[in-house]
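These notes concern the structure reproduced below.
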Amino acid sequence: MKVNIKNWKGVAVWSWDVPNEEVCGICRVSFDATCSACKYPGDECPLVVGVCTHRFHLHCILRWLDTDTAKSLCPMCRRAFKIKENYQQSQVDYGDPTPAHPASSY
């Protein structure tokens with residue numbers, strides 16, 4: 001049996017490499033969604049991981065650290081918040097998402 005494909009449309013899906021039930025500790029929104037400052041997930045709303053291993057949307061943690069009460073502390077564990085060193089700095093600078101798995105096509 002020989003099949004000729006006349007039309008094909010690919011579909012791709014991405015997500016952050018975090019557990020599905022994990023949410024931003026500040027805005028309580030899933031990492032695959034956006035914080036209140038963004039319109040689109042991914043490049044415009046990157047994920048930031050601290051040395052303490054807590055994860056936040058970039059805009060959420062920047063707003064948090066900018067308040068007088070925060071004093072540069074992680075909102076979850078109250079330790080000094082610093083970006084994890086082995087975390088790719090390009091993700092913080094440019095917001096490149098890390099796919100959990102290669103894009104799939106159907």
Side-chain angles (χ1 to χ4, degrees):
M1 175 183 204
K2 190 173 185 178
V3 176
N4 291 326
I5 299 173
K6 295 183 179 184
N7 192 358
W8 180 79
K9 295 180 182 183
V11 176
V13 177
W14 71 270
S15 66
W16 295 106
D17 191 15
V18 295
N20 288 339
E21 66 277 353
E22 190 170 350
V23 296
C24 175
I26 298 170
C27 70
R28 309 302 296 166
V29 174
S30 168
F31 290 118
D32 291 337
T34 63
C35 66
S36 61
C38 297
K39 290 184 180 182
Y40 303 105
D43 290 347
E44 290 191 21
C45 198
L47 176 69
V48 175
V49 180
V51 173
C52 57
T53 69
H54 290 121
R55 299 174 181 97
F56 306 97
H57 291 116
L58 175 64
H59 303 113
C60 292
I61 194 65
L62 290 177
R63 272 195 315 262
W64 172 265
L65 295 174
D66 194 35
T67 62
D68 293 334
T69 57
K71 300 179 184 169
S72 301
L73 301 177
C74 173
M76 303 298 283
C77 64
R78 301 293 186 205
R79 291 192 290 178
F81 187 81
K82 295 183 182 177
I83 295 175
K84 201 173 199 179
E85 290 218 12
N86 63 353
Y87 187 70
Q88 296 177 4
Q89 188 63 33
S90 64
Q91 290 181 323
V92 175
D93 292 341
Y94 307 112
D96 295 338
T98 303
H101 47 79
S104 301
S105 59
Y106 301 98

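Predicted model only: the values in this text are computed from it and were never measured. For the single chain, residues carry numbers from 1 onward in sequence order.
- From H59, atom NE2 reaches atom SG of C24 across 11.5 Å, with rounding to the nearest 0.5 Å.
- Residues satisfying the salt bridge (charged side-chain N to carboxylate O under 4.0 Å, His left out) test with R55, not counting sequence neighbours, are E22.
- The side-chain contact (heavy atoms from CB on, under 4.5 Å) check on T53 picks up K84, with sequence neighbours excluded.
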Donor-acceptor contacts, no H, no angles, side chain residues 26-34, under 3.5 Å, sequence neighbours left out:
from : atom 1 : to  : atom 2 : distance (Å)
S30  : OG     : D32 : N      : 3.3
D32  : OD1    : W16 : N      : 3.2
T34  : OG1    : C38 : O      : 3.4

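- Note: the hydrophobic cluster containing L65 also contains F56 (ILVMFWY, side chain heavy atoms under 4.5 Å, direct or indirect links).
- Between R63 and A37, the shortest heavy-atom contact is NH1-CB, 3.6 Å.
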With a 3.5 Å cut-off and sequence neighbours excluded, list the donor-acceptor pairs that the side chains of residues 72-83 form with protein atoms.
none

